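One structure is given below, encoded as C-alpha cells.
From a predicted model like this one, the values you see are computed outputs, not experimental measurements.
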Amino acid sequence: AMEKSYVSMFLLLIVISCALAKDAGKKDTKDTPAKPKLPQTLSRGWGDQLIWTQTYEEALFRAKHSQKPLMIIHHLEDCPHSQALKKVFAEHKDIQKLAEKFILLNLVYETTDKNLAPDGQYVPRIMFIDPSLTVRADITGRYSNRLYAYEPSDISLLHSNMQKALKLLKTEL
C-alpha cells in the first residue's frame, strides 16, 4: 500500500506543475494585446510599438536564443543629433517594419563592453551584433572618423545596413 501512495503523490506533483505552467502561459497571452497601448518607456521614442530589451545582457541572451541579430542604438536624451536621428528613425515605416526582425536595445549609457565602442564612445551610434554574439564591425555608416554614426540624411543607408545585418546572418550561419 505504501508504494501506491508514492505513485499517486508523484502524479499529483506532475499535475500541479502542469497547471502552473499553463497559468504562466495564459498570463502571457492575456497581457500581449494590451502591450502596444501602454507608453513603452524602453523605446525612449525610437519605436513605441516595437519590443525593446532592457539591458545589454538581456539583449545578448535574446539574440543568441532567438537567432536574431541585435541592433544597439547608443544615444543621449539631450543630444540634438540623437534627437534628430530618433525622429527620422521612428517615422520611417520601412525601418520600423524591418526592426521587428531584430532584438532591439537603445542605451543612454555606455556598457563595459569595449567591443561596442571600437572607435570611441560618441552618440548617436548604431551597431549590429550577430546571434553568435559577434559585433559586426564591418557594418558601418559613411563617416570615417565615426564609423557607426548616422545622421538623419543617412536613414536609407541605415535601412540597407539593417538589411545587410539580416542577410549576412542567413549566409554565414
Side-chain angles (χ1 to χ4, degrees), residues 21 24-25 27-29 31-32 35-36 38 40-77 79 81-86 88-90 92-152 154-173:
K27 203 174 91 234
D28 288 350
T29 50
D31 290 351
T32 323
K35 260 188 197 142
L38 301 170
Q40 251 214 24
T41 49
L42 286 179
S43 80
R44 296 192 181 91
W46 288 88
D48 293 337
Q49 79 294 345
L50 296 167
I51 296 163
W52 296 85
T53 47
Q54 193 155 11
T55 63
Y56 182 43
E57 292 70 29
E58 180 198 347
L60 290 176
F61 179 86
R62 287 206 189 172
K64 191 174 180 174
H65 289 273
S66 67
Q67 291 298 301
K68 285 179 169 183
L70 163 60
M71 176 161 73
I72 299 185
I73 304 170
H74 283 90
H75 65 109
L76 287 172
E77 297 290 357
C79 159
H81 300 286
S82 297
Q83 291 294 347
L85 184 62
K86 178 199 294 193
V88 182
F89 184 95
H92 195 292
K93 300 243 188 323
D94 293 339
I95 278 187
Q96 291 289 310
K97 189 92 199 100
L98 203 54
E100 292 173 9
K101 298 187 163 89
F102 289 81
I103 301 299
L104 299 166
L105 177 67
N106 69 75
L107 290 175
V108 288
Y109 56 86
E110 292 292 335
T111 67
T112 52
D113 189 344
K114 298 282 175 281
N115 297 312
L116 290 187
D119 65 343
Q121 298 187 335
Y122 51 86
V123 293
R125 74 178 191 281
I126 299 179
M127 305 200 70
F128 298 95
I129 298 180
D130 271 352
S132 64
L133 304 190
T134 311
V135 174
R136 296 299 305 264
D138 58 325
I139 301 183
T140 57
R142 66 172 86 247
Y143 309 102
S144 54
N145 61 333
R146 294 183 164 197
L147 292 176
Y148 309 98
Y150 296 86
E151 304 221 325
D154 307 323
I155 201 73
S156 59
L157 173 63
L158 177 57
H159 184 254
S160 63
N161 276 350
M162 288 169 74
Q163 289 173 315
K164 197 167 159 187
L166 289 163
K167 193 159 57 221
L168 287 168
L169 182 79
K170 289 193 182 73
T171 55
E172 286 167 12
L173 293 181

Between [atom1] on residue [X] and [atom2] on residue [Y], distance to nearest 0.5 Å:
X      : Y      : atom1 : atom2 : answer
Asp94  : Ser160 : CG    : OG    : 12.0 Å
Leu76  : Gln83  : CG    : CD    : 9.5 Å
Asn115 : Thr134 : CG    : OG1   : 9.5 Å
Ile72  : Phe102 : CD1   : CZ    : 12.0 Å
Phe89  : Ile155 : CZ    : CD1   : 7.0 Å
Leu107 : Met127 : CG    : CE    : 12.0 Å

Notebook entry, point to check: Can you say whether the rings of Trp46 and His75 are parallel (under 30°), tilted (30 to 60°) or perpendicular (over 60°)?
Noted result: perpendicular
Is a donor on one side and an acceptor on the other found under 3.5 Å between the side chain of [X] and the backbone of [Y]?
X      : Y      : answer
Asp119 : Leu147 : yes
Thr140 : Tyr148 : no
Arg44  : Asn106 : yes
Asp130 : Ser132 : no
Trp52  : Gly47  : yes

Item checked: His81 atom NE2, neighbour heavy-atom count above 12 within 6.0 Å -> no
Note to self: Can you tell me if Gln54 has over 12 outside heavy atoms packed within less than 6.0 Å of its CD?
What the structure shows: no
Is the shortest side-chain heavy-atom distance between [X] and [Y] below 4.5 Å?
X      : Y      : result
Leu98  : Leu166 : yes
Lys164 : Asn161 : yes
Pro69  : Arg136 : no
Ser66  : Ile103 : yes
Lys101 : Gln163 : no

Next item on the list: Mind running side-chain contact (heavy atoms from CB on, under 4.5 Å) on Lys86 and Glu77 for me, showing each step along the way?
Entry: CA-CA 10 Å; Lys86 178 199 294 193; Glu77 297 290 357; 3.3 Å; yes
Check: Going through the checks in order, is the side-chain contact (heavy atoms from CB on, under 4.5 Å) test met by Ile126 and Leu85?
Finding: CA-CA 11 Å; Ile126 299 179; Leu85 184 62; 4.0 Å; yes
Note to self: Looking at every non-hydrogen atom in both residues, tell me the closest pair between Ala165 and Phe128 and how far apart they are.
What the structure shows: CB-CD2, 3.8 Å
Note to self: Give me the atom names and distance for the closest heavy-atom approach of Pro152 to Val88.
What the structure shows: CB-CG2, 3.6 Å
Margin query: For Leu105 and Arg62: C-alpha separation, side-chain torsions, deciding distance, then whether side-chain contact (heavy atoms from CB on, under 4.5 Å) applies.
Written below: CA-CA 11 Å; Leu105 177 67; Arg62 287 206 189 172; over 6 Å; no
Check: Does the distance from a Lys or Arg side-chain N to an Asp or Glu carboxylate O, for Glu100 and Lys68, drop under 4.0 Å?
Finding: no
Next item on the list: Output yes when Glu110 and Arg125 qualify as a salt bridge under the 4.0 Å nitrogen-oxygen rule, no when they do not.
Entry: yes
Margin query: If the condition is salt bridge (charged side-chain N to carboxylate O under 4.0 Å, His left out), which residues does Lys114 pass it with, not counting sequence neighbours?
Written below: none
Item checked: Under the side chain to side chain donor-acceptor pair (under 3.5 Å) test, residues paired with Asp154 that sit two or more places apart -> Arg142, Tyr143
Margin query: Let's go through Tyr56 and Ile129 carefully: what are the C-alpha distance in whole Å and the side-chain angles of both, what is the deciding distance for side-chain contact (heavy atoms from CB on, under 4.5 Å) to 0.1 Å, and is it a yes or a no?
Written below: CA-CA 11 Å; Tyr56 182 43; Ile129 298 180; 3.8 Å; yes
